[in-house]
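These notes are about the structure you will find just below.
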Amino acid sequence: NAGVTQTPKFQVLKTGQSMTLQCAQDMNHNSMYWYRQDPGMGLRLIYYSASEGTTDKGEVPNGYNVSRLNKREFSLRLESAAPSQTSVYFCASSEHGGYEAFFGQGTRLTVV
Amino acid sequence: KQEVTQIPAALSVPEGENLVLNCSFTDSAIYNLQWFRQDPGKGLTSLLLIQSSQREQTSGRLNASLDKSSGRSTLYIAASQPGDSATYLCAVNRDSNYQLIWGAGTKLIIKP
């Protein structure tokens with residue numbers, strides 16, 4: 001019973017490098033989300049996908065792009081990483097907006 | 001703008017005690033409120049979800065209450081155990097949209 005799976009778990013990037021964080025869910029959920037978590041702060045929404053084929057900006061979208069590849073998969077791309085993007089990134093899914101959310105294990109990203 | 005606050009930021013209690021964690025929010029127009037648990041280096045686990053029309057929800061030793069008029073929710077943990085040690089976060093959903101607004105969490109330590 002995998003739930004929400006994120007890869008990779010850890011990543012170190014140099015400033016200016018690019019990378020894609022992968023997320024897949026096996027619960028047939030319609031909605032998927034990318035959050036970042038910084039020390040002492042609550043989670044902040046980067047982007048979300050209400051349903052397959054749609055994506056929308058959240059609270060902190062600058063510097064990121066997303067792709068809802070299909071109903072299962074939602075990826076987050078950093079085109080040119082900056083030290084300010086050092087954070088823990090979480091992918092989540094829910095049946096619909098406002099429903100119970102299920103989270104992946106997180107990706108700890110360090111940009112040097 | 002909705003803001004969610006959790007006080008205290010950290011709490012340490014002896015095993016066996018009953019305890020209450022607090023969550024306050026500034027805008028009473030919410031759709032639901034969710035409580036999550038986060039273990040170090042791991043993802044978030046949903047504990048309880050309270051709809052705006054509900055006053056409380058229970059799951060095992062956990063009981064969450066909601067008072068929209070005062071902008072408060074509490075998470076009651078009965079007969080605490082060392083395994084309850086974790087960070088507890090609350091998040092508010094407004095009007096069934098897709099953006100959860102998060103508190104920064106309360107780090108709970110249960111001493112054996």
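Convention: sequence-line order gives letters A, B, ...; per-chain numbering from 1. The structure displayed is predicted, hence computed values, not measured ones.
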Subject >> Segment of L45(A) engaging chain B (4.5 angstrom heavy-atom cut-off) >> reply: side chain
**OP:** Just do the ring pair (Phe, Tyr, Trp, His ring centres under 6.0 Å) check on F90(A) and W102(B) with the steps written out, would you?
**Re:** CA-CA 14 Å; F90(A) 288 101; W102(B) 294 80; 9.0 Å; no
Original post:
How far does CZ of R44(A) sit from CD of Q99(B), to the nearest 0.5 angstrom?
Top reply: 11.5 Å
Original post:
Looking at E100(A), M41(A), Q6(A), which one has more heavy-atom pairs under 4.5 Å with chain B than the rest?
Top reply: E100(A)
**OP:** Report the C-alpha separation of Y35(A) and L100(B) in whole Å, then their side-chain angles, then the decisive distance to 0.1 Å, and conclude whether the side-chain contact (heavy atoms from CB on, under 4.5 Å) test is met.
**Re:** CA-CA 10 Å; Y35(A) 289 92; L100(B) 286 168; 3.7 Å; yes
Subject >> Nearest-0.5 Å distance, OH of residue Y99(A) to CG of residue L49(B) >> reply: 10.5 Å
Original post:
What option among G105(B), A104(B), G41(B) has the most heavy-atom pairs under 4.5 Å with chain A?
Top reply: A104(B)
Original post:
Where does E59(A) contact chain B at under 4.5 Å (heavy atoms): side chain, backbone, both or neither?
Top reply: both
**OP:** For atom NZ of K107(B), decide whether the heavy atoms of other residues, nucleotides or ligands shown that lie under 6.0 angstrom number more than 12.
**Re:** no
Original post:
Which one of A101(A), C91(A), S94(A), G104(A) has the most heavy-atom pairs closer than 4.5 Å to chain B?
Top reply: A101(A)
Original post:
Checking F102(A) against chain B: side chain, backbone, both or neither under 4.5 Å from a heavy atom?
Top reply: neither
Subject >> V88(A)-Y48(A) co-clustered via ILVMFWY side chain contacts under 4.5 Å >> reply: yes
Original post:
Would I101(B) and I46(A) show up in the same hydrophobic cluster when neighbours are defined by side-chain heavy atoms closer than 4.5 Å?
Top reply: no
Subject >> Single-linkage hydrophobic cluster L66(B)~L48(B), side-chain heavy atoms < 4.5 angstrom >> reply: yes
Subject >> chain A contact via L44(B) - which portion, at a heavy-atom distance below 4.5 Å >> reply: both
Subject >> Cluster check L62(B), L89(B): I/L/V/M/F/W/Y, side chain < 4.5 angstrom >> reply: no
**OP:** Sort Q6(B) into side chain, backbone, both or neither according to what part of it lies under 4.5 angstrom from a heavy atom of chain A.
**Re:** neither
Original post:
Would a hydrophobic clustering, with Ile, Leu, Val, Met, Phe, Trp and Tyr connected at side-chain separations under 4.5 Å, put Y76(B) with Y88(B)?
Top reply: no
